[in-house]
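Down below is the structure, laid out as structure tokens.
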Amino acid sequence: MEKKSGILYLVPTPIGNMEDMTYRAVRTLAEVDYIAAEDTRHSGILLSHFDIHTPMISYHEHNKAEKGTQLLTMLQEGKSIAVISDAGMPAISDPGADIARRALELGIQVVPLPGANAGLTALIASGQDTTGFCFIGFLPKKGRHRLEVLTRVGAYEETLIFYEAPHRIREVLSDMKRVLGNRPVAIARELTKRFEEFTYTNLASVVADEESLTLKGEFVIIIGGVKTRLDEDNAEGYTNINDLSYEEEVGELMAKGIAKKEAIREVAKRRGVSRREVYNAVERANQTNSEVRSQAEEEQE
């Protein structure tokens with residue numbers, strides 16, 4: 001008789017406050033055969049707090065291929081395994097996503113538990129639209145790649161959710177202002193911990209005021225979608241990007257350092273039209289401006 005495979009549990013852990021651990025999560029971690037932990041020393045503190053003695057196996061981004069195969073073999077042999085991250089929901093910006101995918105491909109049952117998540121915790125207290133949102137997570141470390149991602153998501157109408165580390169937060173916010181324009185933003189720091197802090201402002205203000213943020217702890221950045229973009233001259237007012245002409249919108253993107261070709265492609269994507277239509281509008285505007293300048297120069301002569 002073929003032996004039945006074990007179950008892979010995805011178990012959220014507190015993002016700061018131990019009281020956010022659920023009864024079900026504690027029971028599951030105590031009952032499984034093994035716990036796959038991102039950092040066994042860090043997770044050891046959690047297990048000790050709840051008097052859990054289940055053996056741990058190190059499973060993280062740098063060993064997920066090798067250890068993942070080992071864990072899958074154990075599951076196929078009938079062992080039950082719980083995957084946890086250092087904090088929050090496993091498989092969100094986390095190697096847990098890799099083993100969950102591989103387990104499903106092998107027909108192994110994957111059971112997710114609900115629990116703490118930094119992105120959603122910050123979102124519901126952000127004051128931003130929660131009917132539609134897009135989780136981006138950590139942006140690329142290299143500036144050029146980061147600008148490419150921001151340019152792509154800048155057209156989204158949904159609220160944007162980002163994670164960021166304290167040593168990059170200033171640089172990232174500056175890039176966000178450069179690419180996304182001025183938008184309302186809520187910045188959450190040290191969620192659920194003793195020094196939890198929310199900053200409600202806009203990108204222009206937070207970039208201009210270097211003293212507005214305490215550069216300690218982990219950050220969640222919640223930014224309004226494209227239709228919430230603020231008027232640069234009036235941070236209290238809102239402007240709809242679709243009120244701009246094609247050439248004006250292309251000009252705005254180019255003023256932020258984006259190449260003309262890429263700006264035309266982005267505007268076409270935002271408006272749901274062909275690149276040729278945007279290109280022709282820009283060229284017509286350039287020709288008209290050139291004719292006006294020429295006429296002015298002739299009149300001056």
Determine, using the 4.5 Å side-chain heavy-atom cutoff (strictly less than), whether Tyr163 and Leu139 are members of one ILVMFWY cluster.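 Looking at the clustering, Leu139 is in a separate group from Tyr163.
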
As an exercise, state the distance from OG1 of Thr73 to CG of Leu75, rounded to the nearest 0.5 Å.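 Between atom OG1 of Thr73 and atom CG of Leu75 there are 9.0 Å.
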
Which distance, rounded to the nearest 0.5 Å, do you find between the CZ of Arg41 and the CE of Met56?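 Going from the CZ atom of Arg41 to the CE atom of Met56 covers 11.0 Å.
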
If you measure from the Lys or Arg side-chain nitrogens to the Asp or Glu carboxylate oxygens, is any gap between [X] and [Y] under 4.0 Å?
X: Arg168; Y: Glu171; answer: no
X: Arg146; Y: Glu164; answer: no
X: Glu247; Y: Arg284; answer: no
X: Glu148; Y: Arg144; answer: yes
X: Arg229; Y: Glu252; answer: yes

Under 3.5 Å, side chain of [X] to main-chain N/O of [Y], donor-acceptor pair present?
X: Arg189; Y: Glu218; value: no
X: Asn202; Y: Ser205; value: yes
X: Thr214; Y: Lys216; value: no
X: Asp98; Y: Pro95; value: no
X: His42; Y: Asp86; value: yes
X: Arg183; Y: Leu180; value: yes
X: Thr228; Y: Gly225; value: yes
X: Ser5; Y: Ile108; value: no
X: Thr130; Y: Ile124; value: no
X: Ser212; Y: Asp209; value: yes

Only one of Thr13, Ile35, Thr54 clears side chain to side chain contact (heavy atoms under 4.5 Å, CB included) with Leu47; which?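 Of the listed residues Thr13, Ile35, Thr54, the side chain to side chain contact (heavy atoms under 4.5 Å, CB included) partner of Leu47 is Ile35.
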
Would you say OH of Tyr279 has more than 12 non-hydrogen atoms from neighbouring residues, nucleotides or ligands within 6.0 angstrom?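 Counting neighbours around OH of Tyr279, 12 or fewer heavy atoms of other residues, nucleotides or ligands fall under 6.0 Å, so no.
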
Are the aromatic ring centres of Phe135 and Phe133 under 6.0 angstrom apart?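 Ring centres of Phe133 and Phe135 not closer than 6.0 Å.
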
Under the criterion salt bridge (charged side-chain N to carboxylate O under 4.0 Å, His left out), I'd like the reasoning laid out for Glu262 against Arg265: C-alpha separation, chi angles, the key distance, then a yes or no. CA-CA 5 Å; Glu262 180 60 32; Arg265 181 185 294 109; 2.5 Å; yes

